[in-house]
Amino acid sequence: MMRLAWGNWNGEEPLLPGWAKWSSRTLFVLAALALIGQFLVYVHYAISLFRFPFDYDQGEGFELYDVVLHTQGIWPYQDSQVFPFYTSIYPPLYHLLTAPLVLAFGPALWTGRVVSFTGSLVAAAAIAWAVRRETGQGLLGVLCGLSFLASNYTFAIGPLFRQHMTMVMFETLAIVVLAQFDLNCEDTKDAKKTRSSSLGLFASLRFPPRLWLGAALLICAGYTKQLALATVLAVLAWLFLRGPRRALLVGFVMSLVAGSIFLWINWRTDGWWYVSIIQANINAFGIPQMLAFYREWLELHAVLALAAFGVLIYETYWGRLSLYSTWFAFAFANGALSGKFGAGESYFVTATAAACVLAGLAAGRLWGLSPRRREGREDNPRSLLAFLASSRFKLVFTLALPILFLIQTRLTLHTYTEGPVYGPLARLLGVVDSSGRGYYDSQGYTQLGPRPARADHEAGHRIASLARNAPGPVFSEEAGFMFAAGKPVVTNAFPQLMMFQAGLFDPAQLIEMIARREFGLVILRAQFYPPPVLQAIGAHYQPLTEIEMNGFTYRLLEPRP
Amino acid sequence: MLSDAPLTKRQLGLLLVAGGLVAALTVLLVDVFRASAFAGLGPAQLLALGVCALIILLGLSLLPLGDRLA
């Protein structure tokens, strides 16, 4: 595994000078330590969230409620215009994967956080494995996998009760399964025999199991989160380049399966599945927001992005497009959807995963270049290829590669800044708190990342206690308090707002309940409700208290006398 | 029946040029079918047209690469 560090990867290259070998070793150890350090911060953050029983990111509690509904055999895709004014806008697979934990341990937020965190580790392991498989370099694979986990975006959302990381896991697994698949070389004998028979077109459906496994993983990704469509299209586009007719057949079968599931759920939910999953997700689009996210991603992942674009350009013009490059191109383009109202940095996590694989491939290929004879003549010694294959380049590259990993790690650096370990470490690294909560992130101020403090735990319990003691149902913008208080979950703020903006949500009945003061307590955080609902709350409820939790001010209101 | 041979760089280039043109035409025709808040082309349409132009240029740049596999 450490062959890379010794500067003699394949046993074919001339040994480097002693000083270069030792310098390379030292730099690789430093790069590995830096990435392992970031990984430990990630684990620490994840454990902190596992222990926090309330919403850390808005919407987590509603995802938990989706899981609870599934465990009760109830679809969460409902008419949100009637009590309890609730619907879910995400597909069910992540919730179904979490359901066994909820059935075993009860409705707790750590369940989904553990599933999501595990998904991020599986995705990183798949990246590492892919790089190792393609380059033969285990250490390179590990560094690329750790680079994925060190990304600010992976770090921030990895341990949340959100379905995004599970989607990325399925996407990455699908790509790794399919990347070395060749339509023209991997047909089974049976398939060839069948195709040559008179069954004609549909005989081509006899593809090797690996293709169907990849297709199944893609469908899983899509039924975890709709955003996976870009990866599905990337795979189909790549298959199309390799064998258009059979790619269309694969696409047809996948559409048939995915479409059948879609229609079945839509039938079972009286059409609310389509309204919630598709229509409610068509939001206003802001170009400045999209450009800001692109810029931030490129700045934070500059080394990975340069390597990924380098491989993409090389394969486009000089080589043959790999699935990894095609995936990166589609995932990067899909980042444009981050301009949607309510979208965020998570829309670039798939691009980060693809870039990590391509960075490993770029490093492995550059190292693997060696002077070659082609068609009876050697490469021109003045050519770029000859330079890249030269011992001089190898020497520079062996030293530069760990430095590039170190630069990338510094670009995405995030760490806590207080405490007996983090305090001195932050001073050593020359970073200071950028969140006001003892946390530094190279992307600047960020809501996600700081660990919940004891005061945040106490604040959450105080809010839950007020909710528990309130008469009747509680109107809460976060569902985590409701689970702690033993109250029913009522409303799902953000989907209501989006559906209201799209003309899909009539708040009349909700406003009537508010006007009758049927809610014993109102808990607001970001106030992501339709304006008429907020106006009704303002008219019929008065401030009770304000409580700070995780950097947010929770406004609690009680019925006006 | 559609060929099942792998695509060449030239074929990929042609597909990208055709796709870029169709996409650009669609972007231009959006206003015909849907009311727009902007007189003329809106910022999102201009951005989309820019992307279409890049796709077409990418496709054109692949045409000289001939029969090498894409």
Side-chain angles (χ1 to χ4, degrees), chain A residues 181-185 187 191-192 195 200-205 207 233 236-252 282-291 294 309 312-323 325-326 329-330 332-337 339-340, chain B:
Chain A
F181 179 78
D182 190 337
L183 278 171
N184 301 307
C185 298
D187 284 349
K192 286 178 178 170
R195 191 160 35 255
L201 182 72
F202 287 95
S204 298
L205 292 174
F207 289 122
L233 293 175
L236 291 176
W238 179 75
L239 287 173
F240 188 84
L241 294 178
R242 304 291 170 123
R245 183 163 57 85
R246 280 175 286 173
L248 290 176
L249 283 171
V250 172
F252 174 73
I282 301 171
N283 308 323
F285 188 83
I287 295 175
Q289 178 177 315
M290 176 198 74
L291 294 176
Y294 266 119
F309 278 112
L312 178 61
I313 291 169
Y314 171 80
E315 290 183 353
T316 301
Y317 291 102
W318 291 280
R320 199 175 178 196
L321 279 167
S322 65
L323 179 53
S325 295
T326 313
F330 276 75
F332 186 74
N334 202 37
L337 292 179
K340 278 197 322 171
Chain B
M1 187 182 291
L2 179 65
S3 164
D4 209 27
L7 263 64
T8 64
K9 300 248 185 231
R10 183 196 301 276
Q11 288 169 328
L12 176 59
L14 287 170
L15 275 177
L16 288 173
V17 170
L21 287 172
V22 169
L25 199 64
T26 308
V27 171
L28 289 171
L29 288 175
V30 161
D31 289 344
V32 176
F33 300 104
R34 209 173 67 174
S36 169
F38 297 92
L41 294 173
Q45 282 175 300
L46 285 173
L47 184 72
L49 282 176
V51 173
C52 292
L54 283 177
I55 292 171
I56 292 168
L57 284 175
L58 174 64
L60 289 172
S61 71
L62 289 174
L63 295 180
L65 299 179
D67 291 335
R68 286 161 52 193
L69 292 177

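Lettering follows sequence order; numbering is per chain, from 1.
The shortest non-hydrogen separation linking A/Thr316 to B/Leu65 is O-CD1, 4.2 Å. Listed here is the closest heavy atom pair of A/Phe240 and B/Leu7: O-CD1, 3.6 Å. The two residues A/Glu315 and B/Lys9 have their closest heavy-atom pair at O-NZ, 3.0 Å. Of all heavy-atom pairs between B/Ala5 and A/Pro244, the closest is O-CD, 3.2 Å.
Of the atoms belonging to B/Thr8, not a single heavy atom falls under 4.5 Å from chain A. For chain A, the nearby parts of B/Leu69 are the backbone and the side chain; heavy atoms of each come within less than 4.5 Å. If you measure heavy-atom distances from B/Leu15 to chain A, the contacts under 4.5 Å come from the side chain alone.
Other residues, nucleotides and ligands place more than 12 heavy atoms under 6.0 Å from the OH atom of A/Tyr317.
Although no hydrogens or angles enter the test, the distance criterion places no donor-acceptor pair under 3.5 Å between the side chain of B/Arg68 and the main chain of A/Arg320.
Two residues are said to be in side-chain contact when any heavy atoms from C-beta on lie closer than 4.5 Å; A/Leu241 and B/Pro6 fail this criterion.
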